[in-house]
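Data block below; observations after.
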Number of protein chains: 2
Amino acid sequence: MTKRFSAQREMIRDALTMLDHPTAAQVYDHIRRAYPQISLGTVYRNLGDMAAGGEVLRLSFAGAPDRFDMNTADHCHAACVWCGRIFDTDGSLPAALLRELDAAVEKSTGIAVQSRAMLFSGACADCRPVH
Amino acid sequence: MTKRFSAQREMIRDALTMLDHPTAAQVYDHIRRAYPQISLGTVYRNLGDMAAGGEVLRLSFAGAPDRFDMNTADHCHAACVWCGRIFDTDGSLPAALLRELDAAVEKSTGIAVQSRAMLFSGACADCRPVH
DNA sequence: TATAATAACGATAATCATTACTGAATGATT
DNA sequence: AATCATTCAGTAATGATTATCGTTATTATA
Ligand SMILES: [Mn+2]
Ligand SMILES: [Mn+2]
Ligand SMILES: [Zn+2]
Ligand SMILES: [Zn+2]
């Protein structure tokens with residue numbers, strides 16, 4: 001009954017707490033500063049396993065590398081088209097709204113919605129005044 | 001003042017009407033039956049140009065090749081996790097709901113939503129009884 | 001119409017993200 | 001210690017997409 005923790009996986013967890021929604025490459029670069037022999041393949045393998053096990057979320061953005069999120073709570077993401085930062089929706093995103101959406105989608109498509117992937121884009125509060 | 005369209009681009013348009021939300025490779029395979037010398041690069045270039053010009057939509061799905069949609073109306077997509085088919089939401093998806101969502105996202109993230117990408121997944125009506 | 005300029009093509013090479021493979025290292029079990 | 005399983009680092013392979021480039025249409029012009 002041994003819990004398996006490789007030192008490398010622990011470093012990956014640390015990186016996920018330090019870096020905000022990082023890509024695998026960003027996790028790799030971060031770890032490399034302290035542990036140069038880490039392999040990008042190890043990062044990908046661990047992130048993939050963790051995502052498959054539900055320990056982290058894998059976020060897919062159009063035309064961009066996947067990002068990873070250690071916040072596994074049900075939340076959405078909004079990306080700033082100017083600075084590229086990614087923001088979490090907090091719990092305040094009314095679950096009722098989402099359920100209404102699901103119902104509308106099911107009525108329209110016949111699909112019984114099990115999961116949804118949604119990404120919002122726009123100008124963040126910092127970038128908005130500038131542009 | 002000539003509107004230029006190559007025969008190949010016209011074939012691509014045809015393919016988009018025949019095939020439901022096809023990938024570039026599917027468009028290529030379709031055209032190839034009648035015009036074997038078409039190049040996959042030509043398909044990608046034309047689809048990319050058409051998408052950039054707003055003539056078609058490019059849909060990005062996690063871990064899968066992009067798909068193209070000649071229906072440029074504002075609509076969402078729902079994929080069946082069993083048969084892989086992709087369904088359109090018709091206009092009945094209440095725009096009011098979406099605006100409420102945008103507002104909730106802005107309140108939560110500070111992002112003034114300009115666009116959203118959303119994909120729903122679940123079992124379609126055909127596949128549901130079977131599984 | 002002949003010809004020069006442009007635009008698009010087909011073939012293929014290159015890129016980028018990601019996964020798969022391999023032999024070595026590490027850790028657990030008996 | 002001998003064995004068995006897991007994970008590693010390194011690297012090769014894959015798959016989707018884009019870039020390059022010489023050739024072939026297509027449009028404009030003399
Ligand atoms: Mn998040
Ligand atoms: Mn559609
Ligand atoms: Zn910003
Ligand atoms: Zn189905």
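Chain letters run A, B, ... following the sequence lines, proteins first and then strands; every chain starts at 1. All values reported here derive from a predicted model rather than from experimental measurement.
Note: CE (A/M50) to P (D/dT6) measures 19 Å, nearest angstrom. B/Q26 places its CD atom 16 Å from the P atom of D/dG15, with the value rounded to the nearest Å. B/R9 places its CZ atom 15 Å from the C1' atom of D/dT26, with the value rounded to the nearest Å. Between B/N46 atom CG and C/dA7 atom P the separation is 15 Å, expressed in whole Å. For the pair A/L47 CG and D/dC8 P, the interatomic distance rounds to 11 Å; values are reported in whole Å. Rounding to whole angstrom units, CD of residue A/E10 and P of D/dT7 are separated by 14 Å. Rounded to whole angstrom, the span from the CG atom of A/D66 across to the P atom of D/dA16 amounts to 15 Å.
With hydrogens and angles ignored, the 3.5 Å screen pairs a side-chain donor or acceptor of B/Q26 with a backbone N or O of B/T23. The main-chain N or O of B/E55 is never found under 3.5 Å from a side-chain atom of B/T72 such that the two would form a donor-acceptor pair. Of the possible polar contacts, one joining the A/R128 side chain to the B/G110 backbone as a donor-acceptor pair under 3.5 Å is found.
By the rule that hydrophobic residues join a cluster once side-chain heavy atoms approach within less than 4.5 Å of another member, A/M18 and A/V27 end up as members of separate clusters.
Note on B/Q37: every side-chain N or O is 4.0 Å or more away from OP1 and OP2 of C/dA11. Look at B/S6 and you won't find any side-chain N or O under 4.0 angstrom from OP1 or OP2 of D/dA25. The phosphate of C/dT19 has neither OP1 nor OP2 within less than 4.0 Å of any side-chain N or O from A/Y44.
Of the candidates C/dA17, C/dG10, D/dA16, the closest approach to any side-chain atom of B/I38 belongs to C/dG10. Comparing D/dG10, D/dT18, C/dG10 by their closest approach to the side chain of A/S39 singles out D/dG10. The side chain of B/L40 lies closest to D/dT17 when the candidates are C/dG10, D/dT17, C/dA8.
Pairing for C/dT30 is with D/dA1, a Watson-Crick or G-U wobble pair whose two hydrogen-bonding atom distances lie under 3.5 Å.
A/Y28 approaches A/L40 most closely through the heavy-atom pair CE1-N, 3.4 Å.
Toward the 5′ end of DNA chain D lies the nearest nucleotide of A/D49, the other residue of the pair A/P36 and A/D49 mapping further downstream. Each of B/F68 and A/Y35 has a nearest nucleotide on DNA chain D; the 5'-most of these lies closest to A/Y35.
By the 30° and 60° cut-offs, the orientation of the rings of A/F61 relative to A/H77 is perpendicular.
Within 4.0 Å (heavy atoms only), A/Y28 reaches no atom of the nucleic acid at all.
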- Starting from the C-alpha separation in whole Å, work towards a yes-or-no answer on side chain to side chain donor-acceptor pair (under 3.5 Å) for B/D14 and B/H30. CA-CA 10 Å; B/D14 285 352; B/H30 178 88; over 6 Å; no
Could you write out each protein N or O paired with an N or O of nucleotides 20-23 of chain C at a distance under 3.5 Å?
none

